[in-house]
Amino acid sequence: MKQISPENEEVLHLFIITAATIGAVITTVFSLTHGIFEIFPFLYILPIILSVYFFPKRAVLFSLGVSLTYIGMIYLYDFTNPEHIAIATAWFAIFITIGVVSSSYATRLIDEQMRIRSILVNSQDGIFCFDLTTLQVLGANAKFAQWLRYDRSELVGKDLSKTWTGSSERDQFIADIRNGPQNLETEGVFQSRDGGQHRFIVSAVLVSRNRVLCSAIDMTGSKVADEEIKKTLEELEVQVRARTEHLEKINAQLQAEILERRRVTKTILTPEPGSKKDLEEEE
């Protein structure tokens, strides 16, 4: 289904508000001309609420315009009845109050949403959101897309398994979320667009209905560094072991040479049987 462009969407919103306003005005004219005074004021609440929903920052001015239209029509068609004038004035105040209060609340809510969105988009951690039912990626921040060599728009609608290739960790993570997303964290292998492998620490930070919001920390560099350190230590251990064996061989050779020299020295210093010295001793 083709999505409506922002321009056409705004026109549609204006059309809906205008139709609701015209309907309220026509009903007011009909009611005042036929002696009906109880129902039609409630019809002005609908366009005010719609304006707050579609255009919260301009809803106060719209509420003022609608309220003036309402009370103006009361003065035009029923100005001789003081009771109706008093009731219309009360409704005028109610319409203005509804517009101001709801517009203020909606504006603050939108500002808070924009602040949170800005934090997530500019976060140095990767952020991505996916649907728990279809496992499709619903959105991602710039950091996460940069790590995986994608544009953010290219990740939207992509199956989670196409990027999170570590099936065992992914399946277990999703199963844990469905059982209760509390302090969930796991390591997962993700594949970038160019085929590179990245190892992320993934945490589920928010679950709303079927939408799961996750943060990801790239541990690929740390893993490589750990592997390099481990490899270096193993090489050092091999070198130390070889050096130790070499020293042990040298030590054994030295001991053998020492024993051989002692034997030769002893042989030289010990007189042979039947020598001149032995004969003299015998005499």
Side-chain angles (χ1 to χ4, degrees), residues 1-34 36 39-77 88 91-122 127-131 133-134 136-142 144-145 150-159 206 208-213:
M1 183 176 179
K2 187 177 180 180
Q3 293 183 348
I4 302 176
S5 64
E7 295 80 8
N8 293 334
E9 187 176 5
E10 183 175 355
V11 172
L12 178 62
H13 293 166
L14 289 173
F15 174 79
I16 294 173
I17 295 173
T18 303
T21 304
I22 293 174
V25 171
I26 293 174
T27 305
T28 301
V29 174
F30 178 84
S31 299
L32 291 175
T33 56
H34 289 78
I36 303 172
I39 298 176
F40 67 88
F42 293 97
L43 299 177
Y44 288 85
I45 297 176
L46 177 60
I48 292 175
I49 296 300
L50 288 175
S51 67
V52 171
Y53 183 76
F54 293 138
F55 308 102
K57 295 184 178 181
R58 289 176 279 180
V60 174
L61 293 176
F62 179 82
S63 301
L64 178 61
V66 169
S67 302
L68 289 174
T69 301
Y70 164 77
I71 199 168
M73 295 185 66
I74 298 297
Y75 276 93
L76 178 64
Y77 285 94
W91 275 110
F92 175 84
I94 291 173
F95 294 152
I96 293 295
T97 303
I98 291 175
V100 171
V101 173
S102 56
S103 176
S104 176
Y105 178 78
T107 301
R108 283 187 295 174
L109 184 61
I110 290 175
D111 291 341
E112 184 66 16
Q113 289 177 343
M114 293 298 294
R115 187 181 70 84
I116 294 175
R117 185 185 298 273
S118 177
I119 292 173
L120 294 179
V121 169
N122 299 311
I127 305 292
F128 67 96
C129 179
F130 68 92
D131 189 288
T133 303
T134 63
Q136 287 186 339
V137 177
L138 302 176
N141 70 343
F144 186 74
Y150 283 100
D151 292 330
R152 292 174 57 193
S153 59
E154 293 176 334
L155 287 173
V156 177
K158 200 175 188 64
D159 193 279
L206 177 65
S208 177
R209 295 182 181 177
N210 287 329
R211 296 189 174 188
V212 182
L213 186 64

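Reckoned from all heavy atoms, side chains included, excluding hydrogens, waters and symmetry mates.
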Peer 1: Let me confirm one number: the CD1-CG distance from I17 to L46, rounded to the nearest 0.5 Å.
Peer 2: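 CG of L46 is found 9.5 Å from CD1 of I17.
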Peer 1: Not counting sequence neighbours, which residues clear side-chain hydrogen bond (donor to acceptor under 3.5 Å, both in side chains) with T133? List them please.
Peer 2: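 T133 satisfies side-chain hydrogen bond (donor to acceptor under 3.5 Å, both in side chains) with N210 only.
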Peer 1: Do side-chain atoms of R152 reach the backbone of N141 as a donor and acceptor pair under 3.5 angstrom?
Peer 2: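 Absent.
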Peer 1: For a quick test of reading the model, state the closest non-hydrogen atom pair linking S63 to I48 and the distance between them.
Peer 2: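 It is OG-CG2, 3.4 Å.
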Peer 1: Please walk me through it: do I74 and W91 pass side-chain contact (heavy atoms from CB on, under 4.5 Å)?
Peer 2: CA-CA 11 Å; I74 298 297; W91 275 110; over 6 Å; no
Peer 1: Please enumerate all residues that pass ring-ring contact (aromatic ring centres under 6.0 Å, His included) together with Y150, with sequence neighbours excluded.
Peer 2: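 Listed in chain order: nothing, the list is empty.
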Peer 1: Between T18 and L14, what is the shortest heavy-atom contact and its length?
Peer 2: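 That would be OG1-O, 2.7 Å.
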Peer 1: For the pair Y70 and F40, name the ring-plane relationship: parallel under 30°, tilted 30 to 60°, perpendicular over 60°.
Peer 2: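 Tilted.
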Peer 1: As an exercise, state the distance from CD1 of I98 to CD1 of I45, rounded to the nearest 0.5 Å.
Peer 2: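 These two atoms lie 4.5 Å from each other.
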Peer 1: Does F130 form a side-chain contact (heavy atoms from CB on, under 4.5 Å) with V212? I'd like the steps, not just the answer.
Peer 2: CA-CA 5 Å; F130 68 92; V212 182; 3.8 Å; yes
Peer 1: Under the rule for side-chain hydrogen bond (donor to acceptor under 3.5 Å, both in side chains), what residues qualify as partners of D151, not counting sequence neighbours?
Peer 2: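 Once residues adjacent in sequence are excluded, D151 has no partner under the side-chain hydrogen bond (donor to acceptor under 3.5 Å, both in side chains) criterion.
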Peer 1: Enumerate the residue pairs fulfilling side chain to side chain donor-acceptor pair (under 3.5 Å) with a member in residues 19-31, sequence neighbours excluded, ordered by first and then second residue.
Peer 2: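 For residues 19-31: T28-Y44.
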Peer 1: Can you name the nearest heavy-atom pair linking V156 to G139, along with the distance?
Peer 2: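 Shortest heavy-atom separation between V156 and G139 comes out as CG2-CA, 4.2 Å.
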Peer 1: For E9, check salt bridge (charged side-chain N to carboxylate O under 4.0 Å, His left out) against everything at least two apart and list the hits.
Peer 2: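 With neighbours one apart ignored, the set is empty.
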Peer 1: Tell me, which pairs form a side chain to side chain donor-acceptor pair (under 3.5 Å) where one or both residues lie in residues 46-62, sequence neighbours left out?
Peer 2: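 Residue pairs passing side chain to side chain donor-acceptor pair (under 3.5 Å), neighbours aside: none found.
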Peer 1: With rounding to the nearest 0.5 Å, note down the distance linking CD1 in I26 to CG in L43.
Peer 2: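 Output value for this atom pair is 11.5 Å.
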Peer 1: Go through it in stages, so that I can follow the logic: the residues are L109 and Q113, the test is side-chain contact (heavy atoms from CB on, under 4.5 Å), and I'd like the CA-CA distance, side-chain angles, deciding distance and then a yes or no.
Peer 2: CA-CA 6 Å; L109 184 61; Q113 289 177 343; 4.1 Å; yes
Peer 1: Just to verify, what does A106 make a side chain to side chain contact (heavy atoms under 4.5 Å, CB included) with, not counting sequence neighbours?
Peer 2: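 Applying side chain to side chain contact (heavy atoms under 4.5 Å, CB included) to A106 gives V52, P56.
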Peer 1: Taking all non-hydrogen atoms of both residues into account, name the closest pair between A140 and L155 and its distance.
Peer 2: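 Nearest pair, atom of A140 first, then L155: CB-CD1, 3.8 Å.
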Peer 1: Mind checking what makes side chain to side chain contact (heavy atoms under 4.5 Å, CB included) contact with L68, not counting sequence neighbours?
Peer 2: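 Checked L68 against side chain to side chain contact (heavy atoms under 4.5 Å, CB included); matches are L64, F92.
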Peer 1: Can you sort out the partners of S118 under side-chain hydrogen bond (donor to acceptor under 3.5 Å, both in side chains), two or more places apart, ordered by chain and number?
Peer 2: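 So S118 forms a side-chain hydrogen bond (donor to acceptor under 3.5 Å, both in side chains) with N122.
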Peer 1: Check ring-ring contact (aromatic ring centres under 6.0 Å, His included) between Y105 and all other residues, then give those that pass, not counting sequence neighbours.
Peer 2: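 Listed in chain order: nothing, the list is empty.
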Peer 1: If only atom types and distance count, is the side chain of S103 paired as donor or acceptor with the main-chain N or O of V100 below 3.5 Å?
Peer 2: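 Checked: no pair found.
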Peer 1: Is it true that atom CG of L76 has more than 12 heavy atoms of other residues, nucleotides or ligands lying nearer than 6.0 Å?
Peer 2: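 Yes, CG of L76 has more than 12 neighbouring heavy atoms, counting only those of other groups under 6.0 Å.
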Peer 1: Working to the nearest 0.5 Å, report the span between CD of E112 and CD1 of I110.
Peer 2: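 Those atoms lie 12.0 Å apart.
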Peer 1: Can you list the residues that meet the side chain to side chain contact (heavy atoms under 4.5 Å, CB included) rule with V11, with sequence neighbours excluded?
Peer 2: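 If we apply the side chain to side chain contact (heavy atoms under 4.5 Å, CB included) test to V11, skipping adjacent residues, there are no hits.
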Peer 1: Return the set of residues passing side-chain hydrogen bond (donor to acceptor under 3.5 Å, both in side chains) with E154 (not counting sequence neighbours), or none when no residue passes.
Peer 2: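 Counting only residues at least two positions away or on another chain, E154 forms a side-chain hydrogen bond (donor to acceptor under 3.5 Å, both in side chains) with R193.
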